[in-house]
Structures are given as C-alpha cells and as structure tokens.
Enquirer: 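I'd like to ask you about the structure that follows.
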Number of protein chains: 2
Amino acid sequence: MQTALLNKATSSTLPLFSLEVPPLRKPAEPAASSVGSVQSFAKDEEIFAEGNRAAFVYKVLSGVVRTSKLLSDGRRQIDAFHLAGDIFGIEAGEDYRFSAESVGDCIIVAYRRSHLASMTGSDAQLARDITMGMMRSLIRAQNHMLLLGRKSALEKIASFLLDMAERTADEDALDLPMSRTDIADHLGLTIETVSRSFTQLERQRMIALPSARHVVLSNRAALERLNA
Amino acid sequence: MQTALLNKATSSTLPLFSLEVPPLRKPAEPAASSVGSVQSFAKDEEIFAEGNRAAFVYKVLSGVVRTSKLLSDGRRQIDAFHLAGDIFGIEAGEDYRFSAESVGDCIIVAYRRSHLASMTGSDAQLARDITMGMMRSLIRAQNHMLLLGRKSALEKIASFLLDMAERTADEDALDLPMSRTDIADHLGLTIETVSRSFTQLERQRMIALPSARHVVLSNRAALERLNA
DNA sequence: CGTTCACTTGATGCCAGTCAACTCACGTGG
DNA sequence: CCACGTGAGTTGACTGGCATCAAGTGAACG
C-alpha cells in the first residue's frame, strides 16, 4: 500500500437534503475537502477489517473495493462493490462493522473521521457529500435486500449485470472486475450457480460471453423483464 | 388516521459524527424539533406507498411500522420493522422507494422534509437525529443483508428473535406485534417455514411458545450460537 | 355455535447447494 | 519451447432445504 497527500480538491455542490440525487456516476473527480490521504492498493489487499477502529471514511478514486461480513463458519456476504466516486466506511459506532478489500488495483482517499465532527463552513461540503454517500448506500442496501430475500438465481444475476452496466461507462458491454466468488458472495449464491446462470443467460441470447469477465448485454429488454 | 400538532418538543443531544451510538432504544420521547404533525393509524393502514412523493420524514412514537417493497409478481420484502423512537421514510430522491404501513395501532410524527433543507441553529438538532437515524438504518440493512444472503431458516428466526428481544423492554420474553406473514417477508421465507422453525426451536427447548405471538427465550445461549 | 382468520402440520417437488471432474489460461522452470 | 502446476471458471450428478400445495387446528367474534 502506498500513501500520498491531497489538499483542497473540489466537489460538486449539493444541498443537504436536496430533492434531486445528482448524476452520481462518472464524475469521479478527486475528492471533497481539505486533507485527504491518498492510498493505493494492489489486488486483494485489506483496507480495513471488521472490528478495526473506524478512524477514516474512504472514497474510491479508481478501481473497485468490496465491503463484506463473515459468519463464524466462514460464509461471507459482500455488502457492496464500490466503484470510482463511491464513499464507503461510514460508521455510526467506533468500529467498522464490515471489512474492506481491494478487488483489483485501486486508489482511494481516506478522510480522518475526527475531522468531520467539528466541520463548519467550507468543510461542511464534505459532510454533505458523506451524507449523500450514506443515502446512496442506504438505497443500494434496500434494493439489495429485495434481491437477496426474494429473487431467483437468474433474476439476481440479471439485476447484477444491469446494475453494473448502469454504473460503468458503456451501457451494453462491461468488464467485470471481480471474480465469480465475489459475485456469488454478493448475491447470496454459490460460484457454481453463478456460472450456470451466466451460461443459461448466454444460451437464451440475453448476454454474450466473449470471455469469462467480459459480458455483452445483447438483449437488455429481456434482462429487464427478469429484473421484475 | 387522525392528526394533531406537536411543537417544540425535546430530544437527546448528539454530535453529528459522534463516536458513540447512544442507548437508542427505550427513550421514546415525543419528537425532535419544531412543528411535527402527530398522526395515529389503525392496524394495516397505509402511511405512504412506494412511488409517492416523499414529502415527510417520520418518527414512530408508539406501535410498529413496517416498510416494504414489492416485485411485480407480488413477492414482498419487508425492509424493516420500526419500533418506538425509530425514524423512517428518509429518502435521497423525490419519491419513496418503499411503502410503509402500520402493523398494529400506532402513533407517529411527520416532519415536512422541505423544512430540513434550510435548517440551522436549533433546528440542526433534528438534522442530526435524522443523520443518526439514517446511520442506524444502514447498520440494520447491512446486518440484514448478511442474514438474507447467508443464513438458514433456523438461523434467520433465531437472529430475528434475538434482535426483537434486544429492541424491547424485556430481554427474555417478547410479544411479537407482527404476523407470521410479516416475519416471513422480513426474513425472505414463507409463513410455513417460519412456523416450522418456531416449532423446531420450541422442540429443541430454545424457546417456549405459550401462544403464537408470545415468545419466551428459554435458552438464549443456544439461540446466540445459532446466530453465528 | 358456526364462521373466519391466523397459524400449524403434512406430503411432495424443485431450485440451488454440494461434491467432483473437467477445461482453459497463464506462468514458471527445465 | 514445452511440460507442468495452479487457480479460475464450467459442467455434471446428486442431495437437501425450503417452497408449494393442501388439509387440519384453534382462538376470536358475531
């Protein structure tokens, strides 16, 4: 892991409880406010672990981060994948309630949480960004609970692909940065079922799989029908 | 549904990003700041529907509220049950992304969201309460995703009972305010599986069921072992 | 005293998990 | 350059947990 410093970068301006959620993707501009520590991680490095003291709030600059929880018998649930621009590591208590790891190489900014407690004036912008980040996390969590609790394997994969496509530049083709294992743990499935579902969608001409990690959405309408 | 007005009530004081989450249960003191509209609902009344304009943020004064989402084929997922003191209906966008109904008779306060946009000074307290409410929702959502994605039926019921017990006055006996259907939709199960799991826990002497809605946790250690 | 609704219990089936073998891409060293 | 090892992904056979379908129980209420 490498570290650097980042000062006084910019951010879009959002009212605290604005009615409109901004575009929210693509603008992966550096950071929000004064003094964030920029760090880079290689594949599968730990950013923080469940139970660690939650001293920082993070923002992804590039790459992908997964946050996950473990059951004592090793079963894992990935809460979310965080792409460029996403904020993660927001905690109410003093410890992290999940762990975070890089999925591939990635660069992130860390904001010391103690700085947030006394924010006013220009720094308030960061607080607003973080509030928005929290709201987005909550929205994603609520949608994800519906997926986990009530969708079939095929529906889960379809939702996941549509979601990932929406969050990346190209709407109809995407490179999955994460492994089948990560996808399985995100969707509450096993890697075998993930694999079988991909194959099935391919056979039904809804997607094409030029390689395992490259997906083309060849029939978006059909996928959206699966999505509910 | 009945409505009344509530002015200038009090609330506990919390720093915006304090390290400590306060007791958070039991103190179901009226409300937070100036002008909330107090409303009462009978069993199974709609408080708001998915897609409604999100004009208010709500706080439960007494009773229980469920928030849920529907798939087009009718499958339902209950995001959460909200007990006295809980805040619900926080939205980033302009519409509610889930619907809310009373589980039994209940009383709630509604805060007009437009008032929150321009809050300063004394009103800032309400914003902090709402931020805390959002953080708690997020924590609950993250825990619930692990439950939905990775726990067995028996583990789900055990977790649910321990969670409900923790949130109510008596730690070892509880009256469930919601139906088996509601529990099933919360845990991603069917009512039959919920019922069978209750019976199985009873046969294994972990709980006693003097009646369907009254549960005694007779072997809390065993339940916690199931919880992971 | 019968109807109703919530809940329980039983029989059966299916979707996804488990266990296991196989393919393929990639990297490493002889 | 090729043999070999390794790890990710795929596929197949089988199993099992939970859903589905269906019937039964019991408390509340008119």
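Chain identifiers are assigned alphabetically (A, B, ...) following the order of the sequence lines, protein sequences preceding nucleic acid strands; residue numbering begins at 1 within each chain. Predicted, not measured: the structure shown is a model, and the values here were computed from it.
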Enquirer: Under 4.0 Å between a side-chain N or O of A:Thr190 and OP1 or OP2 of C:dG17?
Expert: yes
Enquirer: By the 4.0 Å heavy-atom rule, please label A:Arg75 as base, sugar-phosphate, or nothing.
Expert: nothing
Enquirer: Side-chain N or O of B:Arg213 versus OP1/OP2 of C:dC7: is the shortest distance under 4.0 Å?
Expert: yes
Enquirer: Respond yes when some side-chain nitrogen or oxygen of B:Thr199 is under 4.0 Å from OP1 or OP2 of C:dT9, and no when none is.
Expert: yes
Enquirer: Of all the nucleotides listed (D:dT11, C:dA16, D:dC18), which has the minimum atom distance to the side chain of A:Ser195?
Expert: D:dT11
Enquirer: Which part of the nucleic acid, if any, lies within contact of B:Ser179, taking any heavy atom under 4.0 Å across all strands shown: a base, the sugar-phosphate backbone alone, or nothing?
Expert: sugar-phosphate
Enquirer: Kindly indicate whether the side chain of B:Glu192 and the base of C:dC7 share any N or O donor-acceptor pair separated by less than 3.5 Å?
Expert: no
Enquirer: Would you confirm whether B:Arg66, through its side chain, and B:Ile78, through its main-chain N or O, come within 3.5 Å as a donor-acceptor pair?
Expert: no
Enquirer: Separation of B:Glu155 atom CD from D:dC18 atom P, in whole Å?
Expert: 9 Å
Enquirer: Measure the acute angle between the ring planes of B:Tyr96 and B:Tyr58, then classify it against the limits of 30° and 60° as parallel, tilted or perpendicular.
Expert: tilted
Enquirer: Are side-chain N/O atoms of A:Ser159 and A:Lys151 paired as donor and acceptor at under 3.5 Å?
Expert: yes
Enquirer: Just checking B:Ser152: base, sugar-phosphate only, or nothing, at a heavy-atom cut-off of under 4.0 Å?
Expert: sugar-phosphate
Enquirer: Is any side-chain N or O of A:Thr193 closer than 4.0 Å to OP1 or OP2 of C:dG17?
Expert: yes
Enquirer: Would you call the rings of A:Phe160 and A:His186 parallel, tilted or perpendicular, taking 30° and 60° as the class edges?
Expert: perpendicular
Enquirer: Establish whether the base of D:dG12 is bridged to the side chain of A:Arg196 by a donor-acceptor pair shorter than 3.5 Å.
Expert: yes
Enquirer: For D:dT10, take OP1 and OP2 only and decide whether either is under 4.0 Å from a side-chain N or O of A:Arg180.
Expert: yes
